[in-house]
Amino acid sequence: MCGIVAGVAQRNVVPILIEGLKRLEYRGYDSAGLAVINGGEIFRKRELGKVKGLEALIAADPIEGRIGIAHTRWATHGKPSTRNAHPHVSKDRVAVVHNGIIENHDHLRAALQENGYVFTSETDTEVIVHKVAEELKAAGNLLDAVGKTVKSLRGAYALGVIDCEQPDVLVACRKGSPLVIGIGIGEYFIASDIAALLPVTQRFIFLEDGDVAELTINGVTIFDEAGRRVVRPVIESQLKADSVDKGKYRHYMLKEIYEQAWAVSETLEGRFIDNRLQDNAFGHNAADVFDQIKSVLILACGTSYHSGLVARYWFEKYARVPCAIEIASEFRYRNPVVAPDTLVVTISQSGETADTLAALQEAKKLGVKHSLVICNAPESSLVRESELVLMTRAGPEIGVASTKAFTTQLVALLMLIIVVGRRFDLSAEKEEHIVSQLFALPGNIEKVLKLDNAIELLSQRFADKHNALFLGRGTHYPIAMEGALKLKEISYIHAEAYPAGELKHGPLALIDAEMPVVTVAPNNNLLEKLKSNIQEVSARGGQLIVFMDEDLAESDAADENVQIVKMPSVANAISPVIYTIPLQLLSYHVAVLKGTDVDQPRNLAKSVTVE
Ligand code: G6P
């Protein structure tokens, strides 16, 4: 997946497109490129690496134009290289930027090569640009040529296309990959998301699957998949252009870790009346839906999947609600059996994760009647395709490694457990307890953030290590998984999480002085069991870092191999949120020590809109 931004205006669009690309780098950042039409000719610049490289290239040898397309890439077909960077050009006439994957590119390439088209990249995208050039021979205009081209494509795409023989026209279309149109005054833009265009407009049209649009300085015309002219609603976004600033922090990730108390407060805000959580916080018909459901199925990927794993424990423990969870990419191809009265809950920071979206669609195909999304991106595809919605209101999350999105997902899930649980076995007392703990969360998050300096010191123990183990039990096993994921994502240290009880079934063989073992040990009913597991590691020379309740006697786990970090004492209901934070800080500091690219780690992207 990649980011695309393009525009047609009465001014030079290059600075707008460069700014848009920077805002889209979360979608990929291995190479970037831009093409404009000027004087009836295409001018193109491409550079390996991040957008700032492209920016420097253009600063050194400027290009400008009133119509242009731009792209930041996350390689799927063909390695990161200048040659494979978009835009791709055919016959010096047509230029294309593409987000998505064309599955039948081999077949199309062979046919185009027979017709004399020469391929200069290894990308699937290049077939599109040559195909448009081919179709232009017969079609009267770019719109028709693109319309014909997309009929031959199998897979997913969002496209921006320009033709130097029609220098006033930008054609855009989407199927399976996101694309919005930004409406300015006498200028129109397209982008993979609205954040890319916030500096120029707050008014947007969301294209639907199969739509093809023609943009000129006089307006936008949209056609649906069947070729009918359609009018799509214009939506006013509440987001502001400056909401993605790094502020006083060195990295977005650190800023986002520190924003968590605020983000949790925002997520709770306005959803309770006299301390009672309102059903309609989830949508106007939420009460009806909750009355009908008999079980919950959670579908998500990555960090969002980990929040769902915690929620499964909570659903069962607090409310005796049957709850299953599955990684979305597995669910969609498993041919699962799902009862129609299941509530399918998708969890997604971006709301655009292709596998999660496809899993939701699969669940609907299987006859599931009700869906709910927990999401951080208000205008995203998952929000639009779900019946009920609970927004996490964490604000834009820029760091590729998810932090505040995760903790606010946990908060949202506790809220969901309250409203669903009321219809099952959640007592009024338990509900009251959970609500009071939710409101205590921001203060406790502030307390735990005070451990930052101590954790920074601790991080030195990891900088020269190649592996780490994370242990937890119960609701804190998924927290250990999330800790391990954070460490590997940004420090490139191999890290694995285990439920501590599973140690003796294999992982103990790995223990030696070179293997730091991070243990999440809150004060709960599993603590005694966990202490035995800690002893098992310590007795074999393992180096333990134990995050433990400050009220517990240190001697409980004390040992020369054990380093204890005292955590604020909190109730079980919120301790998974609290114990997540030191693990985020630990990964952050290890990554900084190792000098990795914290906000944009290698090979990853924030929003994964391809399979
Ligand atoms: C990518 C991101 C992860 C994220 C996952 C799911 O892999 O790098 O941070 O957890 O996608 O994304 P979602 O937007 O659906 O939560």
Side-chain angles (χ1 to χ4, degrees), residues 1-3 24-30 74 76 177-178 192-193 195 251-253 256-257 263 298-311 325-332 344-361 371-386 389-413 478-479 481-492 580 583-584 587-588 591 596-611:
M1 83 254 110
C2 310
L24 289 171
E25 270 191 325
Y26 72 91
R27 305 176 66 85
Y29 36 79
D30 60 46
W74 183 78
T76 56
S177 299
S192 300
D193 82 10
H251 296 100
Y252 282 111
M253 182 179 178
E256 288 156 6
I257 290 173
I298 300 175
L299 300 170
C301 302
T303 288
S304 298
Y305 170 70
H306 293 159
S307 72
L309 283 173
V310 178
I325 169 158
E326 187 159 4
I327 288 179
S329 55
E330 285 298 309
F331 177 85
R332 61 184 290 193
V344 167
V345 176
T346 54
I347 309 171
S348 176
Q349 187 285 129
S350 63
E352 299 294 349
T353 302
D355 284 321
T356 311
L357 197 55
L360 170 63
Q361 288 158 352
S371 62
L372 181 148
V373 65
I374 289 174
C375 190
N376 196 42
E379 287 106 359
S380 60
S381 304
L382 273 166
V383 167
R384 275 175 282 131
E385 294 204 14
S386 300
V389 176
L390 187 67
M391 298 307 304
T392 41
R393 300 189 193 144
E397 191 183 64
I398 308 297
V400 165
S402 188
T403 52
K404 62 178 180 172
F406 177 71
T407 42
T408 52
Q409 282 167 356
L410 290 175
V411 167
L413 285 159
I479 299 307
M481 293 170 81
E482 176 58 11
L485 179 64
K486 285 297 82 105
L487 191 68
K488 67 186 138 199
E489 276 179 314
I490 60 170
S491 76
Y492 315 148
T580 299
L583 305 187
Q584 297 169 339
S587 305
Y588 173 76
T596 60
D597 191 341
V598 172
D599 285 329
Q600 294 180 326
R602 68 184 181 202
N603 304 339
L604 300 180
K606 182 132 195 87
S607 178
V608 184
T609 56
V610 293
E611 267 201 82

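Because only heavy atoms are used, hydrogens play no part in the values below, and waters and symmetry mates are left out as well, while side chains stay in. When a ligand or atom number is given, it counts from 1 through the structure's own listing order.
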Backbone N or O of Tyr29 within a donor-acceptor pair of the Gln600 side chain at under 3.5 Å? no
For atom 12 (O) of ligand 1, the protein heavy atom that lies nearest, with its residue and separation: Thr353 OG1, 3.3 Å
As a test of understanding, state which of Arg332, Glu330, Glu326 forms a side-chain contact (heavy atoms from CB on, under 4.5 Å) with Leu299. Glu326
Any atoms of ligand 1 less than 4.0 Å from a non-hydrogen atom of Val400? List them with their elements. 8 (O), 9 (O)
Among Lys486, Gln349, Gln409, which residue meets the side-chain hydrogen bond (donor to acceptor under 3.5 Å, both in side chains) test with Thr303? Lys486
Counting only heavy atoms, which portion of Ala405 has something under 4.0 Å from ligand 1: side chain, backbone, both, or neither? neither
Using a 4.0 Å heavy-atom threshold (strictly under), name the region of Thr303 that reaches ligand 1: side chain, backbone, both or neither. both
Among protein heavy atoms, which sits nearest to atom 11 (O) of ligand 1, and what does the distance come to when rounded to 0.1 Å? Lys606 O, 3.8 Å
d(Leu390 CG, Asn376 CG) to nearest 0.5 Å is 11.0 Å
Tell me, which protein residue and heavy-atom name are nearest atom 8 (O) of ligand 1, and how many Å apart are they? Ala605 O, 3.0 Å
Result of checking Glu397, Glu352, Glu25 against Lys606 for side-chain hydrogen bond (donor to acceptor under 3.5 Å, both in side chains): Glu397
Could you tell me, atom by atom, which parts of ligand 1 come under 4.0 Å of a heavy atom of Ser304? 10 (O), 13 (P), 16 (O)
Under a 4.0 angstrom heavy-atom cut-off, which atoms of ligand 1 come close to Ser348? 13 (P), 14 (O), 15 (O), 16 (O)
Give the residue and atom name of whichever protein heavy atom lies nearest to atom 7 (O) of ligand 1, and the separation in Å to one decimal. Val608 CG2, 3.8 Å
For atom 5 (C) of ligand 1, find the nearest protein heavy atom and state the residue, atom name and distance (0.1 Å precision). Cys301 O, 4.1 Å
Rounded at 0.5 Å granularity, tell me how far OH in Tyr588 sits from OG1 in Thr596. 9.5 Å
Side-chain donor or acceptor of Asp30 paired with backbone N/O of Asn603 under 3.5 Å: no
